[in-house]
Amino acid sequence: MAEAIIQARAVEKYYAQPGGDKIEVIAPTDLEIRPGKIVCLLGPSGSGKSTLLRMLTGLSKPSSGQILWHGNPMDGQIPNVSIVFQSFALFPWLTVLENVEAPLIARAMGAIERHKRALKMIDTVGLDGFETAYPKELSGGMKQRVGFARALVVEPEVLFMDEPFSALDVLTAENLRSELLELWLNKKMPTTAIFVVTHNIEEAVLLADRVIVLGRNPARIRSDFEIDIAQYRDRKSPRFLEYVDFIYKTLTRPEQEITAPGKAAQVPGDGQPRQRTKFQMLPHARPGGIAGFMELLADRGGRDDLYKLADELAMDVDDLLPIVEASVMLGFAVLREGDVEITPEGRRFGEADIQTQKQIFREAALNNVALLRLIENTLHAKRDHAIGEEFFRDILDEHFSSDEVERQFETALNWGRYAEIFDYDSENGRLFHREEADTDADALRVAGEV
């Protein structure tokens, strides 16, 4: 596990009263922020969420306990963090460019470097062309984009966000959440962790790798758990709704202990702990080769000795084996003591016409191949039904060597495109679902006409 960037050790916040009593706002609390994670802090109004954020950033000192930055006490240190505020907090007399440059001026950065970095960040958040505009000329969403750019331009190690979308209308907030997630997942943000304070339960489940739920009077951690749903997330999926329901119950039933869905899911019915899902290593076989092999096997009575078959085809067994392994993985064949035998589904695949073969292959791939299932679910959940290939390469990188990542991705592309699970634009490296995107476009066009 990576070393914590920020640690809170028994931090407490209270206010002393004239009679010697104290009002405790935050009970002694332990908390860590680690690299590579989006953490969302939820709690009822007045529970001390923003107070805790201020202590973690060094803006406010705890009454007791200690905040550590990379294992060292925060006292006297200036942590490399930034904050995006709910109220935009822009300087109205400065242009967009000047607002974004402001923190770099405070750090005494040279004008040329400061200017280049600010322009790059403005472009990253989608405000290219508005460099000379003043805040009064911008919509709420554009103002918050300026806030993002200003926070990110200093390349913070941790980006803190205090209810950043609550002042925006529903559609604008939804667009900004999606854009934030896109920047984070595609590693276009110069930050290693994000800490979001929010009161929006769906927002937390949509964004977070980890959710912390606070109780109040005084604030204390009621639940701290990870969201085990791959990005991008479908709000209508049963697992998503399960997390939303759990957080709602935690917030509204302070007297009741409720088990987080993620923790409950660790132990299935047989009492054995579940292992983290691993992606199978896809055999490097093309769909056409698999189809040809099924046709051949069907013609030979449905069963043959693998080594005899390879010899008759003048092939090395090692050359034939990937096709056999792919057929077995897809449920088209089984191996028994050196013999390969076609299954009923494999026979149906081998004897079908081209379009039916594609449909059979699609069903088999989505049922049996975790990577293709992840790609299909991700494209379905994304609003524009498209995503950059690097997202999936990064996932594969956790399971395979760099060379094998390329081979696995190439095989997944071949299988997915053949089965029409997705399309692929090689020029910009994006996978997309043309049919769903076209359907959404038609719906929008009809809505506009109405």
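These figures come from a predicted structure and were not determined experimentally.
The side-chain heavy atoms of Arg373 and Glu376, taken from C-beta on, include no pair separated by under 4.5 Å.
Rounded to the nearest 0.5 angstrom, Glu404 CD and Leu282 CG are separated by 9.0 Å. Taking CG of Leu41 as the reference point, atom CG of Asp224 lies at 9.5 Å (rounded to 0.5 Å). Separating the CZ atom in Arg34 from the CD atom in Glu3 is a distance of 8.0 Å, to the nearest 0.5 Å.
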Please output the side-chain donor-acceptor pairs of residues 183-190 that fall under 3.5 Å, not counting sequence neighbours, one pair per line with the distance.
from: Asn186; atom 1: ND2; to: Glu182; atom 2: O; distance (Å): 3.0
from: Asn186; atom 1: ND2; to: Glu182; atom 2: OE2; distance (Å): 3.4

Considering only distance and modelled atom types, tabulate donor-acceptor pairs under 3.5 Å from the side chains of residues 133-143, sequence neighbours left out.
from: Glu137; atom 1: OE2; to: Tyr134; atom 2: N; distance (Å): 3.0
from: Ser139; atom 1: OG; to: Met142; atom 2: N; distance (Å): 3.3

Given side chain to side chain donor-acceptor pair (under 3.5 Å), test Tyr424 with Asn414 step by step and report yes or no.
-> CA-CA 10 Å; Tyr424 176 64; Asn414 284 331; over 6 Å; no

inquiry  = Between Ser178 and Arg383, does the side chain to side chain donor-acceptor pair (under 3.5 Å) criterion hold? Intermediate values first, please.
reply    = CA-CA 8 Å; Ser178 297; Arg383 287 182 305 115; 3.0 Å; yes

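Legend: residues meeting side chain to side chain donor-acceptor pair (under 3.5 Å) with Gln144, ordered by chain and number and at least two apart, are absent. Asp209 is linked by a side chain to side chain donor-acceptor pair (under 3.5 Å) to nothing, counting only residues two or more places apart in sequence or in another chain. Taking the side chain to side chain donor-acceptor pair (under 3.5 Å) definition, one finds that Thr411 meets it with His284, sequence neighbours left out. Listed by chain and residue number, Ala230, Phe279, Thr378, Phe392, Ile395 satisfy the side-chain contact (heavy atoms from CB on, under 4.5 Å) test with Leu374 (two or more places apart in sequence, or in another chain). Evaluation of the side-chain contact (heavy atoms from CB on, under 4.5 Å) rule for Asn72 yields Gln77 as partners, not counting sequence neighbours. The salt bridge (charged side-chain N to carboxylate O under 4.0 Å, His left out) check on Glu98 picks up nothing, with sequence neighbours excluded. The side-chain contact (heavy atoms from CB on, under 4.5 Å) check on Asn200 picks up Arg177, Thr198, Glu202, Glu203, with sequence neighbours excluded.
Within the structure, the ring pair (Phe, Tyr, Trp, His ring centres under 6.0 Å) test picks out the following pairs touching residues 186-224 (sequence neighbours left out): Phe160-Phe195. Sorted by first and then second residue, the ring pair (Phe, Tyr, Trp, His ring centres under 6.0 Å) pairs involving residues 25-47 (not counting sequence neighbours) form an empty list. Applying the side chain to side chain donor-acceptor pair (under 3.5 Å) definition to pairs two or more places apart or across chains, those involving residues 4-13 are Gln7-Glu32, Glu12-Ser64, Lys13-Ser60.
Outside the 6.0 Å centre-distance limit, the rings of Phe432 and Phe422 are not counted as a close aromatic pair.
Between the side chains of His70 and Glu157, at least one donor N or O lies within less than 3.5 Å of an accepting N or O. Side-chain contact of Gln355 with Gln359: a donor-acceptor pair under 3.5 Å is absent, judged by distance alone.
Closest of all the heavy-atom pairs between Met121 and Val153 is CG-N, 4.1 Å. Nearest heavy atom pair, residue Phe391 against residue Ile387, reads CD2-CD1, 3.3 Å.
By the 30° and 60° cut-offs, the orientation of the rings of Phe361 relative to Trp415 is perpendicular.
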